[in-house]
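Below is one structure; the comments refer to it alone.
Computed from a prediction, not measured in an experiment: that's the story for all the values here. Proteins get letters first, then strands, A, B, ... in listed order; numbering begins at 1 in each. Note: hydrogens, waters and symmetry copies are ignored here, and every other heavy atom, side chains too, is used.
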Amino acid sequence: MSVRKLPLFVMLALLILAGTVFGQTLDTVRSRGTLICGVNQNLPGFGSIDEDGDFVGFDIDFCHAIAAAVLGDAEAVEFRPLSATERFTALQSGEIDVLIRNSTWTSTRDVSLGLNWAPTTFYDGQGFIVRKNSGIETLEDLDGFNICVQTGTTTERNLADTMATLDIDYTPLVFQDTNQSIAAYDDGACEAFTTDKSGLVSRQTTLRDPGEHTILDATISKKPLGPAGPPTLDATTSKEPLGPAARHGDDQWYDIVKWTVLATFLAEEFGVDSMNASSLFESSESPQVRRLLGADPDRVSALGLDPDAFLNAITQVGNYAEIYDRHLGPDTIFDVPRGLNSLYLDGGLLYSPPM
Amino acid sequence: MAAKRPLQSRVGAADWLRTNLFSNWWNTIVSLLSIALSLWLLFVFAKFLFIDANWDRVWANLRLLTVFRYPADLLWRPMLVIVFLMTLFGASAGLSGEGTGAILRNTFRWLMGLIGLIALISLFAFPAVRIWWLLVIVFALGGYRLGRHFPAPVSRPLAWLWGASWIVTLLILYGVGPEESSSPFRLVPATLWGGILLTFFLSITGIVVSFPLGIALALGRQSRLPIIKGICTSFIEIVRGAPLISWLFIASLVLPLIIGANPPAIWRAQVAIILFAAAYLAENVRGGLQSVPRGQTEASRALGMSGWDTTRLIVLPQALRAVIPAIVGLFIGLFKDTSLVTIVGLSDLFAVGITVTNQPESLLVTGGVTREAFIFMALFFWFFSYRMSVASRQLERQLGLGER
Amino acid sequence: MADQTLVRADAPAGGERVIEIENLNKWFGDFHALQDINMSVNRGEVVVVIGPSGSGKSTLIRCINRLEEHQQGRIFVDGTELTDDVRNIDLIRRETGMVFQQFNLFPHLSVMANITLAPVRVRRWKRSEAEERAMFYLEKVGIPEQAQKYPGQLSGGQQQRVAIARALTMGPKVMLFDEPTSALDPEVIGEVLEVMVNLAKEGMTMCVVTHEMGFAREVGHRVIFMDAGQIVEVGSPEHFFTSPTEERTRSFLSKIL
């Protein structure tokens with residue numbers, strides 16, 4: 001997913017020492033009046049800066065949602081663009097309140113880096129893009145071909161692991177960044193280009209002839225991975241659960257981040273959206289909806305938030321489906337199918353505990 | 001007589017070609033191949049530049065590329081800084097005499113050409129700042145005339161203004177009142193600065209501050225006091241022992257953990273840049289100091305001059321002129337190296353360029369806009385680096401004149 | 001050393017002592033560069049120091065304005081003793097003009113700036129005053145027309161004359177010359193010597209390390225011959241040309257004459 005370099009590891013010890021010295025994040029944010037949110041400015045669809053200098057994207061909207069929940073104003077966010085390398089330190093040192101920067105939830109980061117991951121907002125995974133007329137439909141078909149990949153990423157390692165497991169012979173062509181890799185692929189330097197599926201979808205539009213290419217999808221590996229291997233549903237070769245992260249040592253703040261994300265899930269599940277939330281707050285008979293919107297205030301208040309926290313978040317930003325569609329949905333240039341990022345009711349992985 | 005002249009010069013050109021490019025068959029082949037290659041490269045480049053390239057995204061993002069997220073209603077403040085600095089520069093250019101002063105005037109003329117071009121474009125395309133670019137021209141030329149015609153009364157206040165210029169610039173850019181207000185003087189936090197503004201700010205501050213610091217370090221390294229010598233030497237060697245990128249990491253990642261506070265990212269990077277440049281500058285200056293013959297110091301001391309005066313008036317000027325090419329090279333490097341701050345999350349021109357290529361709208365362009373963005377950035381860096389090296393060459397020639 | 005007779009180079013009695021050196025010893029590391037030097041110079045006297053290279057003659061006059069630090073003995077210049085006291089050192093340097101073998105003009109400054117720098121910085125004269133004095137001495141050394149040029153644009157002889165003018169403009173009580181003609185082309189030595197001879201005739205106190213015996217004969221009051229860090233023989237120029245007593249002196253003179 002990201003370039004990780006030595007300095008990061010050098011500082012792990014320091015990070016853990018620094019872990020708990022920062023007190024009540026909620027109070028800090030309230031007295032400051034703004035939420036400082038660490039983000040990516042270079043991931044189209046998730047975080048980018050538009051011509052007017054405003055941050056936009058899927059991750060960005062979760063920053064807005066938390067600001068709306070905590071401060072009542074979705075715009076009370078100060079965005080701090082972070083490089084992949086410095087993002088975790090920035091969180092640990094208290095420079096940012098929450099990190100929402102397409103960061104993959106891994107055990108190392110969760111445990112050793114002293115971070116807490118809120119529920120995954122986007123289930124990503126590695127995918128491949130190939131030319132439609134190449135006849136390539138499965139990973140086995142890539143045998144003997146060149147594959148363009150970004151260097152220093154989990155993508156590169158996952159590719160090597162998967163191909164070794166499947167005993168597929170290939171030549172990796174590595175590049176410094178995604179734009180270079182996709183350009184090389186478009187120039188015919190390699191038969192396939194691999195990165196996170198969200199990245200593939202967003203880059204497909206830059207190809208000379210986007211319609212001539214396809215993302216390997218729902219293609220079943222012909223050869224089983226072996227008795228112990230998991231069943232492969234498609235050519236997705238890795239798990240990349242992306243979500244907001246808060247630092248260890250402030251459980252209240254972590255709960256707030258976590259439940260703000262879950263609130264967007266619940267809102268979609270209950271059919272609450274930015275248009276009807278206010279009227280449902282007045283009129284809804286459903287105890288679940290009333291608890292979510294703070295009409296029955298005790299659940300929200302228990303988090304230390306104002307009763308109308310999630311009402312604000314949903315009114316000002318929207319439920320999960322609205323956020324998703326706004327940045328990744330069919331009306332955007334990306335048009336990423338919901339897939340795993342559907343509610344459990346629809347066969348996806350989005351499932352919130354009851355409120 | 002008059003008709004004959006062009007004929008003669010044509011013969012001259014033909015002669016020149018024959019002797020230089022086509023003197024024998026081997027030379028001829030190499031020449032023809034090089035010419036063909038150059039023409040082809042020129043054609044490819046020009047075709048991309050004027051036909052294939054899609055400049056819409058760069059054009060649409062010009063504000064982002066120049067000042068990043070500096071508030072749109074406060075653009076007059078960076079413009080005021082330009083007016084201020086160009087007025088001072090104009091006055092200095094007008095004031096300057098012959099010799100090295102001519103270089104200052106050349107640079108001023110060249111800058112005014114660039115500003116004239118920008119003013120012309122903004123006249124039609126950027127109504128928000130066009131009046132300001134005209135003001136820049138008026139004030140810069142006014143400053144020039146003032147310096148030219150009233151050198152005596154101007155020179156002293158000018159020196160003071162230059163001394164205060166950095167603080168004044170900071171004050172104008174940062175502003176005063178609270179950030180939330182709609183006041184035109186409200187605070188603009190450094191996190192909103194970026195693009196060319198940040199590139200210039202980081203590199204100019206880096207150059208201006210590292211210069212005296214580097215000289216001090218070089219002198220300190222030659223000090224007779226072991227403590228000062230030791231501190232300076234180890235500082236220089238430690239800083240030079242790691243690449244700038246490491247120091248940027250350390251300044252932005254480790255420093256906040258050690259000091260338990262978070263100075264704004266821009267200052268952390270700025271400190272790293274300054275210290276790094278100073279260490280390298282110190283070594284260059286040390287080479288210059290060693291190139292000054294001992295006799296110079298002896299002659300000065302024998303005249304009764306103090307050690308400090310000897311260093312300041314005799315040794316340093318000679319040492320510095322000996323290493324001017326190296327120092328300018330260092331500054332050109334520093335100017336370009338500021339783009340490394342990208343990796344600590346600062347949005348200099350390079351970072352903003354990358355950001356532009358990653359806007360969803362940019363992905364709608366076939367092939368993306370990476371090439372366009374990079375050409376824009378390359379032109380910017382080349383423009384100013386080239387100008388610096390021209391000035392450095394002129395300076396060398398000028399100084400050589402005195403030494404001959 | 002104890003068994004050797006110590007040769008003293010005392011100035012004639014009755015004169016006003018400008019330089020007084022007592023039992024001067026200097027070492028460079030283990031090398032004993034100056035051994036028990038005793039000498040003095042009266043006001044208006046021209047003392048010529050000769051000797052083979054490495055004999056310590058340059059070191060000796062460089063000790064007089066503390067370009068070299070001595071380890072033993074005492075040096076007085078115009079009544080002020082050279083000690084570690086920086087104020088004394090600066091005071092003495094102000095009153096002592098020095099001319100070097102390699103001229104040591106400041107290449108980045110014009111001739112005028114070379115000459116006026118120290119008067120303005122050290123003596124705190126007004127610039128106009130300093131320039132007036134500078135022109136006076138430039139005329140004296142015969143090159144007033146070169147005032148605005150840079151040292152690099154002058155010939156060696158002209159540069160050395162500028163160096164002399166530079167030292168003189170400070171108004172020194174004594175002038176030290178460290179082989180002033182050794183680095184010059186033979187054809188320009190004359191012009192520098194002429195300036196020095198005139199200076200001597202005007203009564204300037206001078207201490208000159210040189211091999212130019214013609215100069216010594218014309219204006220020198222005393223000649224000091226040094227070898228291996230010691231003063232070997234002292235006498236009038238005539239004494240050295242006609243009847244030097246020491247073998248070392250005779251052997252040296254036979255080589256240079």
Item to complete: Check the pair C:Arg121, B:Arg312 against side chain to side chain contact (heavy atoms under 4.5 Å, CB included), reporting the backbone distance first and the verdict last.
Response: CA-CA 12 Å; C:Arg121 301 285 321 165; B:Arg312 197 168 59 94; 3.2 Å; yes

Item to complete: Any chance you could lay out the side chain to side chain contact (heavy atoms under 4.5 Å, CB included) test for C:Ile89 and B:Arg301, step after step, and finish with the verdict?
Response: CA-CA 10 Å; C:Ile89 296 174; B:Arg301 299 309 302 270; 5.8 Å; no

Fill in: Check against side chain to side chain contact (heavy atoms under 4.5 Å, CB included), C:Arg93 and B:Leu303
CA-CA 6 Å; C:Arg93 283 176 173 161; B:Leu303 284 165; over 6 Å; no

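Put simply, the side chain of C:His108 gets close to the backbone of B:Leu313: a donor and an acceptor are under 3.5 Å apart.
Heavy-atom minimum distance, C:Ala118 versus B:Met305: CA-SD, 3.9 Å. A pairwise comparison of heavy atoms in C:Asp90 and B:Gly304 identifies OD1-O, 4.3 Å as the closest pair.
Neither the backbone nor the side chain of C:Ile92 comes within contact range of chain B, judged by heavy atoms closer than 4.5 Å. Within the 4.5 angstrom heavy-atom criterion, atoms from both the backbone and the side chain of B:Ser300 approach chain C. Looking at C:Arg123, there are no atoms closer than 4.5 Å to chain B (heavy atoms on both sides), in backbone or side chain. Both the backbone and the side chain of C:Phe106 come within contact range of chain B, each with at least one heavy atom under 4.5 Å from a heavy atom of that chain.
Atom CZ of C:Phe28 is surrounded by more than 12 heavy atoms from other residues, nucleotides or ligands within 6.0 Å. Heavy atoms of other residues, nucleotides or ligands lying less than 6.0 angstrom from CZ of B:Phe139 number 12 at most. Shown here is C:Glu132, whose CD atom has no more than 12 heavy atoms of other residues, nucleotides or ligands within 6.0 Å.
Taking non-hydrogen atoms and a 4.5 Å limit, the residue list of residues 203-236 of chain B in contact with chain C is empty.
Contact count versus chain C (heavy atoms, under 4.5 Å) is highest, among B:Ala299, B:Gly307, B:Pro293, for B:Ala299. Taking chain B as the reference chain and counting heavy-atom pairs below 4.5 Å, the highest number among C:Arg94, C:Gln102, C:Gln101, C:Arg166 is found for C:Arg166.
Considering CZ of B:Arg294 and CG of C:Asn104, their distance stands at 10.5 Å, rounded to 0.5 Å.
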